[in-house]
Structure formats: C-alpha cells, structure tokens
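Okay, structure first, notes after.
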Amino acid sequence: MKALTWQKKGKITCKSVPDPKIEDGRDVIIKVTSCAICGSDLHLLGGFMPTMQCGDVLGHETMGEVVDVGRDNTKLKVGDRIVVPFTISCGECRQCRWGNWSCCERTNPNGKMQAETFGYPLAGLFGFSHITGGYAGGQAEYLRVPYADVGPIKIPDGIEDEKVLFLSDIFPTGYQAAEYCEITPEAEKTIAIFGCGPVGLMAIRSCFLLGAKRVIAIDTVPERLAMARASGAETIDFQAQPIQETLIEMTGGLGPDAVIEAVGMESHGADTQAQKISSAIMSAVTTLERPFALNQAILACRPGGILSMPGVYAGPAGPIMVGVLMNKGLTLRTGQTHVQRYLEPLLGKIMNGDIDPSTIISHRSANLEDGPALYEKFRDKSDHCTKVVFHPHG
C-alpha cells in the first residue's frame, strides 16, 4: 500500500509499505477513506519530536471503512464507517476508567522508554514517534487500529467524511481546551486564543458553543485571521500590533479571563524583554523548543485566570515565565486530548448543525503522492493553505 513516511528532518516521502494485518483479537483493519495533516505533524517534519525513525508511517487524523475484524472484537463489523481517535486507549486501566484516556497505562509498548522522560508511560499515539509506541499512522491506504473495541466511533450513513474526520483530533482538542477555561453563558468570559491554526479555529468555535461572551484570537497569517473573524472572534495581528498592550486596551484594562495557547513548540516572536532574552538563548541552542506563545499567554492572562494549553511540547523548552505564572495565581491545564470523552457529544453537535468542522479545509487530494508537497505548503502557509485532507481511494 501507499503511505506517507518520515525519512529525516525536513523530508517526507510517499512509499510502498507492507499492508497492515490483524495482530490482536481486538484489532480491526480499515480502508482509509479520509485522513489529514495535523499541525503537530509539522513538529515531526521539523525534527522536534525525538525517536522518529526512517520509514515511520505518519498521520493521526484518520477515518475509514472496516475491512477486517479480530476474533475478539464484537463492537465492530466489516463495512462499518469509523473515526479513529489519535489516542490509543485500553478502556480497562484506572486512567481509562477515570476518563483520562490519553493517560492510558497499557497501550504504549515503549512505555518504559517514555517513563524515562515523563516519569510514567502514557497512551500510545498513531504515527507520532517511538516514544509514543511506534504505531503506524493513518496517512496511508490502510490502517491497523488496535484496541478498536474501545476507541473508534461509528459514523451513521448520510454524513460525509469531511464533516466528521476532525473528531479524530482537532475538534475534541479545541473543545477540551475551551472546556478547561470553565466557560458558561452566565460567566460572560472573555477568552484569548494564541494561534489560529486548525486547533485554534476549533477552540474559537468551541468557546462560543460553550457560551463565551467574547473571543480574541491572535495570529499573523491573513487566511487564519479571516477564518477567526468568520467564526465570531475579534483578532490581533501580532506582527502589526503589540499583543499585551492591545489586549489590555481591548478589555478595558481587565485582561482575558482565560487564555488558550494553541501554538506549541514552534512559536515565533519577541514581543517582551523576556521573549527577547529567550530568543537570543534559543538562537544559540537550536534543540530547544520555542515557548514564545506560552510565555506571551502567561503574560496575557488576567491574575487568577486560567491558562489552557493544547499546544504540543515534546522535550527541553527555552526559558518559561514560571515566576509570572506563580505570582499571578494562574491555573494551568494541559495534556493530550481525552478524545473518547468527547466523541459522542461532539458528533451530536455536528449532526445537529451546530458546527461544520470541514469549513477550515483548504486543500484536498486523492493521491498520497501529493503528500510531500502539501506538507510543505501547510508548513510554509503558502497557497492559502489552512488544512489538508487526503482521500487515498478517491
């Protein structure tokens, strides 16, 4: 089968790789009908995620049709359409029982390796390095889905792939980030969101679904800012306006009640003195992550507010404003998304017409061989590229 594979930092190729097979009784194999490039895949392309190996199959936003079922899987049958969460969860350990699906204790076969860095093993992830399990990803013609009697959600007939594909990651991720801000219609909260990429855009819409009074979105890419405004947000172009001063002015000196940092480890900027010092350090040590957006988010949030951080980080980070975080009494909430927690309610919102996640898609292809070029367009934000979806079988 064809698949998009990681070769080395900065290089992704479409290769022929072995077809997946059932390896455990709970597995299924799907024919991938739709898959997407996620912003966090760009961290892999950039070489920021450790333990990637040449030939690893990429992708963790995937759905498709079941074509083979393990003997112990009674939940699914051949012909079912399913969306596959990017987190692989067993459904039986204490973390899964608590609803902390991304903290599953059993599904990472390389958990010992991960524990050396994180202290404990976490859930396996599709197509996202060997420290998260080394599972083949879904930017391919077929995908093996382990623990398929727990994670995937069946999709009813009559709803097209593109409306539900993002249940695999970015819609639940944006929604969890918004939910962490403790938004209610009665609270009339103002939320600031750093980054208007796919997760940021889903977070904007999720904030309004939950009842936010006001959302202020920060980015500099014209297409992203336009989409943020179309979603109901006010916007700040951080290249044209000083972020902190503008937020203070826009909120009458009060500041946002909560801030969502939806950028992650590859952010850019040097807006404050601390950022400038951080920038100088990181220009000399290129292996460090760049927490510019995180630091700006810490600065932006009002005292006693909430900082919600869906942006992905993987290793050593540059200087972070821990003292500012502590002295302002901020609550920090973060983590990989507990996707399974949100699948049913968010599918309901899509089917009710409350939201159409497909509106952020800018580029489509029926040929995985277009993948390397589309990765570059998405990374470079060229050709008005905001989100890429593949339909590997046409």
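For an aromatic pair to be called close, the ring centres must be under 6.0 Å apart, and His393 with Tyr142 satisfies this.
Checking side-chain atoms of Ser365 against main-chain N and O of Asn367 turns up a donor-acceptor pair under 3.5 Å.
Atom CD in Glu162 sits 10.5 Å away from atom CD1 in Ile360 (nearest 0.5 Å). In this structure, Asp72 CG and Ile22 CD1 are separated by 10.5 Å, a value rounded to the nearest 0.5 Å. Atom CH2 of Trp101 sits about 11.0 Å away from atom OG1 of Thr107, to the nearest 0.5 Å. Interatomic distance, Arg379 CZ to Leu374 CG, rounded to the nearest 0.5 Å: 12.5 Å. Atoms CZ and NZ, on Phe390 and Lys2 in that order, are 12.0 Å from each other to the nearest 0.5 Å. Separating the CZ atom in Phe194 from the CD1 atom in Ile243 is a distance of 5.0 Å, to the nearest 0.5 Å.
Note on Ile88 and Ile82: same hydrophobic cluster, where clusters join Ile, Leu, Val, Met, Phe, Trp and Tyr whose side-chain heavy atoms are under 4.5 Å apart, directly or indirectly. Connection of Val221 to Phe238 is not established within any shared hydrophobic cluster, with ILVMFWY side chains joined at heavy-atom distances below 4.5 Å, either directly or through further cluster members. In terms of hydrophobic clustering, with Ile, Leu, Val, Met, Phe, Trp and Tyr side chains grouped at heavy-atom distances under 4.5 Å, Tyr342 and Phe171 are assigned to a common cluster.
In summary, the side chains of Ser308 and Arg333 do not present any donor paired with an acceptor at a separation below 3.5 Å, with no hydrogens or angles considered. Inspection of the Gln340 and Thr87 side chains reveals an N or O donor paired with an N or O acceptor under 3.5 Å. Inspection of the His384 and Ser362 side chains reveals no N or O donor paired with an N or O acceptor under 3.5 Å.
Looking at Lys154, Arg26, Lys75 one by one, the single match for salt bridge (Lys or Arg N to Asp or Glu O under 4.0 Å) with Asp149 turns out to be Arg26. A side chain to side chain contact (heavy atoms under 4.5 Å, CB included) with Ser40 holds for exactly one of Val312, Ile170, Leu125; it is Val312.
At least one side-chain heavy atom of Pro291 sits less than 4.5 Å from a side-chain heavy atom of Tyr313. Residues Ile159 and Val164 are in side-chain contact: their nearest non-hydrogen atoms beyond the backbone lie under 4.5 Å apart. Side chains of Asp219 and Asp237 form no contact here, defined as non-hydrogen atoms less than 4.5 Å apart. Side-chain contact between Cys207 and Ile183: present, with at least one pair of heavy atoms (C-beta onward) separated by less than 4.5 Å. You'll find the side chain of Ser168 stays beyond 4.5 Å of the side chain of Phe86, heavy atoms only. By the 4.5 Å heavy-atom criterion applied to side chains, Val83 and Ile155 are counted as neighbours. Using a 4.5 Å heavy-atom threshold, the side chains of Glu141 and Lys31 count as separate. At a threshold of 4.5 Å between non-hydrogen side-chain atoms, the residues His363 and Val389 do not count as touching.
Between Tyr135 and Phe126, the ring planes are tilted. Angles from 30° to 60° get that label.
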For this session: Take Arg81 and Asp161, measure what salt bridge (charged side-chain N to carboxylate O under 4.0 Å, His left out) needs, and give me the verdict at the end.
Result: CA-CA 9 Å; Arg81 292 173 67 213; Asp161 278 18; 2.7 Å; yes
Exercise. Please walk me through it: do Ser231 and Arg205 pass side chain to side chain donor-acceptor pair (under 3.5 Å)?
Worked result: CA-CA 6 Å; Ser231 300; Arg205 298 178 190 188; 3.1 Å; yes
For this session: Kindly determine whether Thr13 and Thr5 satisfy side chain to side chain donor-acceptor pair (under 3.5 Å), including the steps that lead there.
Result: CA-CA 5 Å; Thr13 60; Thr5 64; 3.2 Å; yes
For this session: For the pair His130 and Asp56, evaluate side chain to side chain donor-acceptor pair (under 3.5 Å) and give the outcome as yes or no after the intermediate values.
Result: CA-CA 9 Å; His130 289 262; Asp56 285 348; 3.0 Å; yes
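Closest of all the heavy-atom pairs between Pro310 and Glu261 is CD-O, 3.1 Å. Nearest heavy atoms, Asn295 versus Ile320: OD1-CA, 3.3 Å. Residue Pro146 comes nearest to Asp27 through the heavy atom pair CA-OD1, 3.3 Å, listed as atom of the first residue, atom of the second, then distance.
Ion pair Glu61/Lys387 flagged as a salt bridge, since at least one NZ, NE, NH1 or NH2 atom sits closer than 4.0 Å to an Asp/Glu carboxylate oxygen. Under the 4.0 Å criterion applied to side-chain N and carboxylate O atoms, Arg106 and Glu92 are assigned as salt-bridge partners.
Heavy atoms from other residues, nucleotides or ligands lying under 6.0 Å from NZ of Lys8 number 12 at most. Enclosure of atom NZ in Lys15 is not indicated, since only 12 or fewer non-hydrogen atoms of other residues, nucleotides or ligands lie within 6.0 angstrom.
Glu23 pairs by the salt bridge (charged side-chain N to carboxylate O under 4.0 Å, His left out) definition with Arg144, not counting sequence neighbours.
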